[in-house]
Amino acid sequence: VLQNFSESTTDKLSIHCSQLALRDDGKTYQNQYKKQDSKSTEFTEVHDPATNEVICRTPKSTESEMQDAVASAKAAFSTWRQSSIMTRQTLMLKYQALIREHSKELAMNLVRENGKTLADAEGDVLRGLQIVDMCAGIPSLLLGESLNNISTDMDTISYKVPIGVTGSICPFNFPAMVPLWTFPISIACGNTTVLKPSERVPGASMILADLFNKAGAPPGLLNIIHGQHKAVDFICDHPDIKAVSFVGSDQAGKYIYERSSASGKRVQCNNGAKNHCVVMPDANKNKSISQIVGAAFGAAGQRCMALSVAVFVGKTNDWIPEIVNAAKRLKVNAGHVPGADLGPVISPQSKNRILELIESSVKEGADLPLDGRGIKVPGYEKGNFVGPTIITNVKPNMRCYKEEIFGPVLVCMNAASLDEAIKLINANPYGNGTAIFTTNGASARTFIDRIEAGQVGINVPIPVPLPMFSFTGNKKSFFGDSHFYGKHGINFHTQTKTITQLWRAGDATDISSSTTMPT
Ligand code: NAD
């Protein structure tokens, strides 16, 4: 099933300057698209998480390659910022069609480099594609405001104008969706981008860049650099990069937020999470159980919106044995094997961290009705597999509750009432997502009103908003002001220019001056 897409992403990657086909006069620009061989001597090995075989190496772009990428973006910005809105819309429509056409190829790359199941990988691509769909509506999204006769014969207009070169730093867990959260919006707004994929999953970004080129993107709109800390520091510090988008862990988010802000950039950082659901006694039992199991263990728990904590109100903790049985029925296998429900976690280090957190919960007095630590997957004995794991009787001071596990582990807690459950969730420093399972409208409304997390599901376990809205995690899960995609994404990637204009007949003969503040 899996072809060698990753091989095309090996040592050769450094910079993408895309080819241009679109000009307002209908002529085609010269092809300046470059896939530049990196001169780097330093690489990060990319492993197939199901086998731990090395499938390619990501170069650490050299300083001069990174400088070239910014120079390419900066040069392209000077003309792209003046491109017509219809040109940008046409580019996005072509790109949208190409991603759809190549979604299988992208998904298969994700299976190979990230380990997720093929069906889940297709979801990763399609959720990213929805952002390109949104960008195809850029003419309405960029509409400004205007007011006629703000004063006699004076009108005020505001435009949303681009900000320049933007930077995007991406995580491993959504190799297609997260890059697509940023660069299409940035470019549709008239900016150009320097993007750094996760060094652990570089392939999807390279395929996306190839497709962008095929869609006819002008050279220099999308530039990809590779690496780890040095590339991150480069993006945070470079004076020609005006805004930085980051998605990843808390530690990196805090660092990138502080470092980029210190050099005067606007920054948006989506960080880690601990997403709780509340199970009310009046909930639809079978539906709630199946939703909790899917949302806790899907993608091997490696989603920032994974349901990692279930808070059972009253006697609903009697449902736990049925949740355990449902979790036992999930098939753990390599992502490309038909019928697999969850694949491996990204790396042996990640697996060890997950196992260590499970062990800590036992030592701290929790129970383990389902222990996925010893799982063996025939044919994939060297893979980073962890089976679905359920920890019960967890207390807020335990490490398995305090830390993001980012694996297929459901932490179960008890609360006497909805009020107690809400207090517990609000005391958690994270605020990415949360959900309640109930058939009582008043309970749902109380939950919506009082819960602090930024994305709330009512009988919806993973309430990730579609791009007509924005991804609105809060508290420790988000640093910044404008969120990713939707109207927030447009605001993040534009600045407002407000024009006040006076066109009055007879001005030529008016010689009066005023030194007072006009009111
Ligand atoms: P990560 O922080 O390890 O890596 C993300 C990016 O930051 C990578 O490009 C990496 O090269 C770089 N990086 C890593 N460590 C760094 C450091 N110390 N300093 C500077 N840069 C660094 O994250 P990951 O493991 O790739 O992704 C998983 C994390 O991302 C989880 O915590 C998950 O919750 C979070 N995440 C959040 C969202 C969201 O929208 N809130 C979405 C997806 C993932």
Side-chain angles (χ1 to χ4, degrees), residues 42 44 46 49 58-61 113-116 124 127-128 131 167-182 194-202 204-205 224-237 244-260 267-275 299-309 345-347 349-351 353-354 357 384 403-407 429-434 453-455 462-465 467 470-480 483-486 488-489:
E42 292 177 77
T44 307
V46 176
T58 309
K60 295 184 181 170
S61 299
E113 292 186 0
N114 168 287
K116 58 179 74 181
D124 186 326
R127 288 307 289 255
I131 307 294
S168 176
I169 302 167
C170 305
F172 82 84
N173 67 327
F174 284 104
M177 182 185 81
V178 170
L180 288 170
W181 273 7
T182 58
V194 174
L195 182 133
K196 192 201 86 63
S198 166
E199 63 281 7
R200 296 189 271 184
V201 291
S205 290
I224 296 184
I225 61 173
H226 293 279
Q228 293 172 305
H229 295 238
K230 217 173 119 201
V232 166
D233 286 353
F234 176 86
I235 290 175
C236 297
D237 298 346
V244 176
S245 301
F246 165 81
V247 179
S249 63
D250 296 347
Q251 193 198 2
K254 185 169 184 295
Y255 176 82
I256 288 166
Y257 188 77
E258 289 174 357
R259 190 157 179 151
S260 302
V267 197
Q268 53 177 189
C269 290
N270 268 7
N271 310 317
K274 202 81 180 169
N275 307 305
Q302 298 176 116
R303 293 182 183 133
C304 61
M305 286 289 278
L307 258 193
S308 49
V309 184
V345 297
I346 188 73
S347 64
Q349 295 78 2
S350 186
K351 175 174 172 170
R353 190 181 44 75
I354 295 164
L357 278 167
N384 313 314
E403 294 177 29
E404 183 183 35
I405 301 178
F406 222 55
Y430 291 107
N432 215 32
T434 187
Q455 303 179 100
I462 304 190
V464 176
S470 301
F471 189 100
T472 54
N474 64 20
K475 293 165 74 177
K476 196 182 169 189
S477 299
F478 175 71
F479 298 146
H483 291 278
F484 283 74
Y485 64 79
H488 279 255

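We count ligands from 1, going down the list as the structure has it; atoms in each ligand are counted the same way. Just so we're clear, the structure is a prediction, and the values are computed from it rather than from any experiment.
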If you count the atoms of ligand 1 from 1 in the order shown, which ones are under 4.0 Å from a heavy atom of [X]?
{"X": "Asn432", "answer": "41 (N)"}
{"X": "Phe471", "answer": "40 (O)"}
{"X": "Asn173", "answer": "43 (C), 44 (C)"}
{"X": "Phe406", "answer": "28 (C), 31 (C), 33 (C), 34 (O)"}
{"X": "Ile169", "answer": "6 (C), 7 (O), 9 (O)"}
{"X": "Tyr255", "answer": "19 (N), 20 (C)"}
{"X": "Trp181", "answer": "40 (O)"}

Pick, from [options], the option with the minimum heavy-atom distance to [atom].
{"atom": "atom 35 (C) of ligand 1", "options": "Gly248, Gly473, Pro202", "answer": "Gly248"}
{"atom": "atom 42 (C) of ligand 1", "options": "Gly433, Pro175, Cys304", "answer": "Cys304"}
{"atom": "atom 10 (C) of ligand 1", "options": "His229, Met177, Glu199", "answer": "Glu199"}
{"atom": "atom 14 (C) of ligand 1", "options": "Gly227, Ala252, Gly253, Ser308", "answer": "Ala252"}

Answer yes or no on whether Lys196 is positioned over the face of Phe246, meaning its NZ or CZ is under 6.0 Å from the six-membered ring centre and within 45° of the axis.
no
Within 45° of the axis and under 6.0 Å from the centre of the six-membered ring of Tyr430, does NZ or CZ of Lys475 qualify?
no
For [atom], what is the nearest protein heavy atom, given as residue, atom name and distance?
{"atom": "atom 32 (O) of ligand 1", "answer": "Glu404 OE1, 2.6 Å"}
{"atom": "atom 41 (N) of ligand 1", "answer": "Asn271 O, 2.8 Å"}
{"atom": "atom 23 (O) of ligand 1", "answer": "Ser249 N, 3.4 Å"}
{"atom": "atom 26 (O) of ligand 1", "answer": "Phe172 N, 2.9 Å"}
{"atom": "atom 40 (O) of ligand 1", "answer": "Asn270 ND2, 3.0 Å"}
{"atom": "atom 20 (C) of ligand 1", "answer": "Val232 CG1, 3.6 Å"}

Do any nitrogen or oxygen atoms of [X] come within less than 3.5 Å of a nitrogen or oxygen of ligand 1?
{"X": "Gln228", "value": "no"}
{"X": "Pro171", "value": "no"}
{"X": "Ser477", "value": "no"}
{"X": "Arg200", "value": "yes"}
{"X": "Lys196", "value": "yes"}
{"X": "Cys170", "value": "yes"}

Test of understanding: given a 4.0 Å heavy-atom threshold, classify the contact between Phe246 and ligand 1 as side chain, backbone, both, or neither.
side chain
Taking atom 7 (O) of ligand 1 as the reference point, report whether a protein heavy atom occurs under 4.0 Å from it.
yes
Does Ser477 use its side chain to pair, donor to acceptor, with the backbone of Gly272 at less than 3.5 Å?
yes
Just to check, does Phe484 reach to within less than 4.0 Å of ligand 1 when the distance is taken from its heavy atoms?
no
Student check: side-chain heavy atoms of Phe478 and Cys269 closer than 4.5 Å
no
Report the distance from atom CD1 of Ile346 to atom CZ of Arg200, rounding to the nearest 0.5 Å.
5.5 Å
